[in-house]
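To start, the structure under review is shown below, and the notes come after it.
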Amino acid sequence: MLNTSCVERPVPPISEADLGALCLDSTLQELSLYDFHVEATDWGMRISQMLEANPLLPGVIVTHQGEFAGMISRRRFLEFISRPFGRELFLKRPVRALYRFAETESLIFPSNTLIVDAARKSLLRSKELLYEPIVVQVSPQTYTLLDVHELLVAQSNIHELATKLLRQQTQSQLIQTEKLASLGQMVAGVAHEIRNPVTCISGNLGFLSNYSTDIMDLLSAYEHIVGENEKINQLKKHIEFDFLQEDWVEIIKSMKVSSQRLTELVTSLHTFSHMDETHLKQANIHECIDSTLLIMKNRLKYSIEVVKSYGDLPLLKCYSGQLSQVFMNIISNAIDALEEVKEEKDFVPAITIETEVIDSSDGDCVNSELIQNYVMGDRQNSKQLSCATQNAGFSPEAGENNQNNAWIAIRIADNGPGIPPEIQRRIFETFFTTKPAGKGTGLGLAITHQIVTEKHKGKLNLHSTPGTGTEFEILLPLI
């Protein structure tokens, strides 16, 4: 609402409709800006005329040969004019005479400054300058004034909007948490119900294998005693007895493998269902990652190769179900990113999981050189998702409760298309998503960030370069 057509035209204050259109990212250029200028050589009467014609004008910009020199506020002008002989001293003399006395330190902001940032810095000024208007630089040669009252009213409206959004997000998060807790209980119940018959099947397969071997031995003994028999030979031919002997063993083996996989899946579901945990428990990070990968196997087995190289990691006191949710959210988004470029020539998508222990006493922070070389290196040869877990040293300010200054670091990286900088700034916002409408409620990274930083007092770092890949680094303190 910048007025540049005439310095004598009054600028209306921002209306309630305009205030309602403000958002959290609104900037100073959306407010009423006053561009009333006077040259340092103009008579002081010029300022008096401007202020009298425009009762809402907070002050005027002072220029010297067209260049910005400073500003004189309405308050400072009236203060000096009301002094004894003030009108004779300043109104009939050049503005520079008044400016020498009324000059104050000006607070200057670019027009793209956020309203909330400008209001915060404005309130940090001394009491003498608290109500002085703010100078807003619209362009390299254009300066305007903003009334502090309008700035604070706008900031108050934005604060009210932020409060409403926070209340909505808190309510949505409570609903989401309730859903996750209900889902965890349901999955745990289903896993428990499946475990019983699976245990029965897998436990009896050994007996079934032994029984089949005994029956075959018995049939062989009967055949040896009875000898050749026309009717028995026809029956053996009819049921393909020779094939049955071979296939019987393979069927038993297949049933054992299938029951073992089903047992692993039930165990993974049971581990993943601990999303409503209320107490920290010792957990194996490798098992959490493996359980997550097993649940996501349907998305991985057709397009992405999984290569794991685990080192020795100590047990971590954590909420294992919530960490599994973290791994699932990050890996799921990495898979989505890789799928965007999977049709490229010579594209070999893969997941690399590497773990190791690094003691903070070595003086080194987490070293990602190996991963960077392998994962971010040759984009033509492979597209990979890399998960690396380490027990890493970290800076003391990262976690005051970490007495040993030892951390488990989990890096999940992909060498897909990367994340643009403008999206990186919003990546952990609630409900923010780059996915098409109707496909999910967001990237799940807001909940991921909360689980890591609030629940586990850890750190979640993002490193991404468009065209080379993305890395999420999870740092968890060893308590």
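Only this structure's heavy atoms are used, side chains among them; waters, hydrogens and symmetry mates stay out.
Residues K281 and S320 have side chains not in contact (no heavy-atom distance under 4.5 Å, counting atoms from C-beta outward). With contacts defined as side-chain heavy-atom distances shorter than 4.5 Å, the pair L145/L33 does not qualify. Side-chain contact between I410 and V326: absent, with no pair of heavy atoms (C-beta onward) separated by less than 4.5 Å. No side-chain heavy atom of N333 sits less than 4.5 Å from a side-chain heavy atom of T470. No side-chain heavy atom of K459 sits under 4.5 Å from any side-chain heavy atom of V452. Here the side chains of I330 and L445 are in contact, with some heavy-atom distance below 4.5 Å. Inter-residue side-chain proximity for V95 and I47 is flagged as met; some heavy-atom pair is nearer than 4.5 Å. At least one side-chain heavy atom of R125 sits under 4.5 Å from a side-chain heavy atom of V148.
Shortest non-hydrogen contact noted between L475 and A409 is CD2-CB, 3.4 Å. Residues I335 and R299 come closest through the heavy atom pair CG2-NH2, 3.3 Å. The two residues I408 and P314 have their closest heavy-atom pair at CD1-O, 4.0 Å. Scanning all heavy atoms of the two residues, the minimum distance from T104 to L129 falls at CB-CD2, 3.9 Å. When all heavy atoms of S122 and L107 are compared, the closest pair comes out as CA-CD2, 3.8 Å. For the pair V136 and S111, the tightest heavy-atom approach, listed with the atom from each and the gap, is CG1-CA, 3.6 Å.
The side-chain contact (heavy atoms from CB on, under 4.5 Å) check on L123 picks up L130, L152, with sequence neighbours excluded. With sequence neighbours left out, the side-chain contact (heavy atoms from CB on, under 4.5 Å) criterion links A162 to L24. Under the side chain to side chain donor-acceptor pair (under 3.5 Å) criterion, S26 pairs with E30, not counting sequence neighbours. In terms of the salt bridge (Lys or Arg N to Asp or Glu O under 4.0 Å) criterion, K92 has no residue partners (sequence neighbours excluded). When the side chain to side chain donor-acceptor pair (under 3.5 Å) test is applied to S139, the partners found at least two apart in sequence or on another chain are T142. Among residues two or more places apart in sequence or in another chain, the side-chain contact (heavy atoms from CB on, under 4.5 Å) test is passed with K164 by E160, R167. Qualifying ring-ring contact (aromatic ring centres under 6.0 Å, His included) partners for Y143, counting only residues two or more places apart in sequence or in other chains: F68. Residues passing the salt bridge (Lys or Arg N to Asp or Glu O under 4.0 Å) test with R83, sequence neighbours excluded: E79. A search for side chain to side chain donor-acceptor pair (under 3.5 Å) contacts involving S126 returns E128, not counting sequence neighbours.
Separation of atoms OG1 (T448) and CG (N329) is listed at 3.5 Å; rounding is to 0.5 Å. The CG atom of L56 sits 11.5 Å away from atom CG of L51, with the distance rounded to the nearest 0.5 Å. Considering CD of Q155 and CD1 of I115, their distance stands at 9.0 Å, rounded to 0.5 Å. One distance of note links CG of D414 with CG of L338; it measures 5.0 Å at 0.5 Å rounding. Rounding to the nearest 0.5 Å places OG1 of T144 at 10.5 Å from CD1 of I134. Here L316 contributes atom CG and W407 contributes atom CH2; the two are 11.0 Å apart, rounded to the nearest 0.5 Å.
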Task: CA sep, side-chain torsions, deciding dist, call: F80, L89, side-chain contact (heavy atoms from CB on, under 4.5 Å) - done: CA-CA 9 Å; F80 281 93; L89 286 173; over 6 Å; no
- [ ] Apply side-chain contact (heavy atoms from CB on, under 4.5 Å) to the pair V62 and I72, showing each step before the final yes or no.
- [x] CA-CA 7 Å; V62 178; I72 299 177; 3.8 Å; yes
TODO: Check the pair Y310 / I289 against side-chain contact (heavy atoms from CB on, under 4.5 Å), numbers first and verdict last.
DONE: CA-CA 11 Å; Y310 286 160; I289 297 174; 3.6 Å; yes
Task: Verdict with supporting geometry, Y319 and L280, side-chain contact (heavy atoms from CB on, under 4.5 Å) - done: CA-CA 5 Å; Y319 302 103; L280 294 167; 3.4 Å; yes
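With hydrogens and angles ignored, the 3.5 Å screen pairs a side-chain donor or acceptor of S464 with a backbone N or O of G469. Counting only distance, with no hydrogens or angles, the side chain of H456 and the backbone of P477 share no donor-acceptor pair below 3.5 Å. A donor-acceptor pair under 3.5 Å links the side-chain atoms of Q424 to the main chain of I419, judged by distance alone.
Screening residues 93-136 for ring pair (Phe, Tyr, Trp, His ring centres under 6.0 Å), with sequence neighbours left out, gives F90-F101. Evaluation of the side-chain hydrogen bond (donor to acceptor under 3.5 Å, both in side chains) test over residues 57-78, restricted to residues two or more places apart or in two chains, returns E39-T63, S73-E132, R75-E132. The list of salt bridge (Lys or Arg N to Asp or Glu O under 4.0 Å) pairs with a residue in residues 104-124, not counting sequence neighbours, is empty.
Shown here is E88, whose CD atom has more than 12 heavy atoms of other residues, nucleotides or ligands within 6.0 Å.
Between the side chains of R87 and S48, no donor-acceptor pair is found at a separation under 3.5 Å.
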